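A quick note: this is a predicted structure, and the numbers were derived from the prediction, not measured.
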Amino acid sequence: NMDISNNICNHWGPYGMYMDQTNGSRFAGNTIEDHGMEGLYVRNGSACTISGNAVTRCRTGIQLRSTDDSTVENNTTSANTEHGIHIYSCGADNVISGNTGDSNTEVGIYVESSGPTTVNDNSTNWNGTNGIVVYSSSASVVSGNTSTYNDDYGINFVDSSYNNII
């Protein structure tokens with residue numbers, strides 16, 4: 001369990017914050033800008049909370065990989081060269097809620113190759129391809145999101161099954 005809060009990480013190395021094999025950690029109120037890779041990256045984690053962070057001008061703002069039972073909420077991700085928030089190869093019970101993912105080069109919120117994920121009450125606007133993508137994932141719930149002025153689709157499901165759009 002770690003609490004990483006109220007830090008400023010600018011122009012330092014490829015990652016703003018990188019955590020591997022962390023359980024029950026909290027990342028809150030951090031400002032992360034101008035990194036060549038992910039701004040905030042959690043790998044092989046469980047029961048983490050990522051809340052109230054501002055991540056701009058990184059490759060991907062916030063990425064969870066091989067992580068489960070975690071919450072990404074009330075963050076702002078913008079002007080990243082790929083995605084605002086990317087959930088990749090994750091297990092079940094991740095929640096992405098109340099985030100703003102605007103003006104990213106590709107996707108505002110991207111759920112890829114993951115188990116059941118809840119994506120609700122987010123705002124994804126003016127992204128270069130899609131607002132929200134659920135790709136090769138199953139049993140996700142997508143509800144109450146606002147997704148406008150994206151170049152391709154607001155919400156896009158690709159090769160996914162048993163998902164619910166409410």
Side-chain angles (χ1 to χ4, degrees), residues 2 4 14-28 32 35 37-53 55 58-78 80-102 104-125 127-147 150 152-166:
M2 297 203 307
I4 302 170
Y15 299 94
M17 296 182 179
Y18 183 103
M19 297 298 294
D20 195 356
Q21 299 181 1
T22 185
N23 296 310
S25 293
R26 177 177 170 262
F27 304 84
I32 303 167
H35 295 277
M37 299 292 283
E38 283 67 27
L40 198 159
Y41 187 40
V42 177
R43 182 174 180 192
N44 301 313
S46 181
C48 294
T49 300
I50 299 169
S51 178
N53 300 286
V55 187
C58 298
R59 183 176 76 178
T60 293
I62 297 169
Q63 181 166 337
L64 272 61
R65 182 179 182 134
S66 303
T67 296
D68 59 15
D69 194 30
S70 293
T71 300
V72 179
E73 63 184 0
N74 303 321
N75 299 285
T76 300
T77 59
S78 62
N80 296 293
T81 59
E82 287 187 5
H83 316 301
I85 297 170
H86 189 192
I87 308 300
Y88 178 73
S89 192
C90 288
D93 301 323
N94 289 305
V95 176
I96 306 168
S97 180
N99 300 286
T100 300
D102 292 347
N104 297 289
T105 302
E106 294 185 19
V107 179
I109 297 172
Y110 192 3
V111 178
E112 181 180 9
S113 302
S114 293
T117 302
T118 299
V119 182
N120 68 315
D121 300 323
N122 299 286
S123 176
T124 57
N125 306 296
N127 293 290
T129 60
N130 301 285
I132 298 170
V133 172
V134 178
Y135 176 78
S136 191
S137 298
S138 61
S140 292
V141 175
V142 178
S143 67
N145 298 287
T146 300
S147 189
N150 298 290
D152 290 337
Y153 300 101
I155 300 173
N156 189 7
F157 286 87
V158 181
D159 295 330
S160 295
S161 58
Y162 305 106
N163 295 292
N164 294 308
I165 305 173
I166 301 170

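- For the residue pair Asn80 and Thr60, no side-chain donor N or O sits within less than 3.5 Å of a side-chain acceptor on the partner.
- Applying the salt bridge (charged side-chain N to carboxylate O under 4.0 Å, His left out) rule to Arg65 yields no partners; only residues at least two apart in sequence or on another chain are considered.
- Contact detail for Ser70 and Ala47: the closest heavy-atom pair is OG-N, 3.4 Å.
- To the nearest 0.5 Å, the span separating CD1 on Ile85 from CG on Asn75 amounts to 5.5 Å.
- Using a 4.5 Å heavy-atom cutoff, the side chains of Met19 and Ile4 are in contact.
- To the nearest 0.5 Å, the span separating CG on Asp69 from OG1 on Thr49 amounts to 9.0 Å.
- Each of Asn150, Ile109, Val107, Thr105 was evaluated against Asn127; a single residue qualifies, Asn150, per the side-chain contact (heavy atoms from CB on, under 4.5 Å) test.
- Ser51 is not listed as a side-chain neighbour of Thr71, based on a closest heavy-atom distance of 4.5 Å or more.
- Put simply, the side chain of Cys90 does not reach to within 4.5 Å of the side chain of Asp68, judged on heavy atoms.
- In this structure, Ser137 and Ser160 approach most closely via the heavy-atom pair O-CB, 3.0 Å.
- Side chains of Ser147 and Thr124: a donor-acceptor N/O pair is present below 3.5 angstrom, by distance only.
- Under 3.5 Å, the side chains of Asn125 and Ser123 contain a donor-acceptor pair of N or O atoms.
- To the nearest 0.5 Å, the span separating CD1 on Ile50 from OG1 on Thr67 amounts to 8.0 Å.
- Between Asn145 and Val119 the shortest side-chain heavy-atom distance falls below 4.5 Å.
- Using a 4.5 Å cut-off on side-chain heavy atoms (C-beta onward), Tyr15 and His35 make no contact.
- Residues Ser114 and Asn94 fail the side-chain proximity criterion, which asks for heavy atoms closer than 4.5 Å.
- Thr118 contributes no side-chain N or O that, together with a main-chain N or O of Val95, makes up a donor-acceptor pair within less than 3.5 Å.
- Atom CG of Leu64 and atom CZ of Arg43 lie 12.5 Å apart (nearest 0.5 Å).
- Scanning all heavy atoms of the two residues, the minimum distance from Thr77 to Gly61 falls at CG2-CA, 4.4 Å.
- In the model, Asn130 has no side-chain atom that pairs as donor or acceptor with a side-chain atom of Asp152 under 3.5 Å.
- With 3.5 Å as the limit, one finds a donor-acceptor pair spanning the side chains of Asn99 and Asn122.
- Counting only heavy atoms from C-beta outward, the side chains of Val42 and Phe27 approach each other to under 4.5 Å.
- Atom OH of Tyr18 has more than 12 heavy atoms from other residues, nucleotides or ligands within 6.0 Å.
- In this structure, His86 and His83 have perpendicular ring planes: the angle between them is above 60°, well past the 30° mark.
- Here CD of Glu38 is found 8.5 Å from SG of Cys58. Values are rounded to the nearest 0.5 Å.
- Between Ile32 and Gly16 the shortest heavy-atom distance is CG2-CA, 3.9 Å.
- Note: Asn44 CG to Ser66 OG = 5.0 Å, rounded to the nearest 0.5 Å.
- With hydrogens and angles disregarded, a donor-acceptor distance shorter than 3.5 Å links the side chain of Thr117 to the backbone of Gly115.
- Heavy-atom neighbours of Phe157 CZ from other residues, nucleotides or ligands within 6.0 Å: above the threshold of 12.
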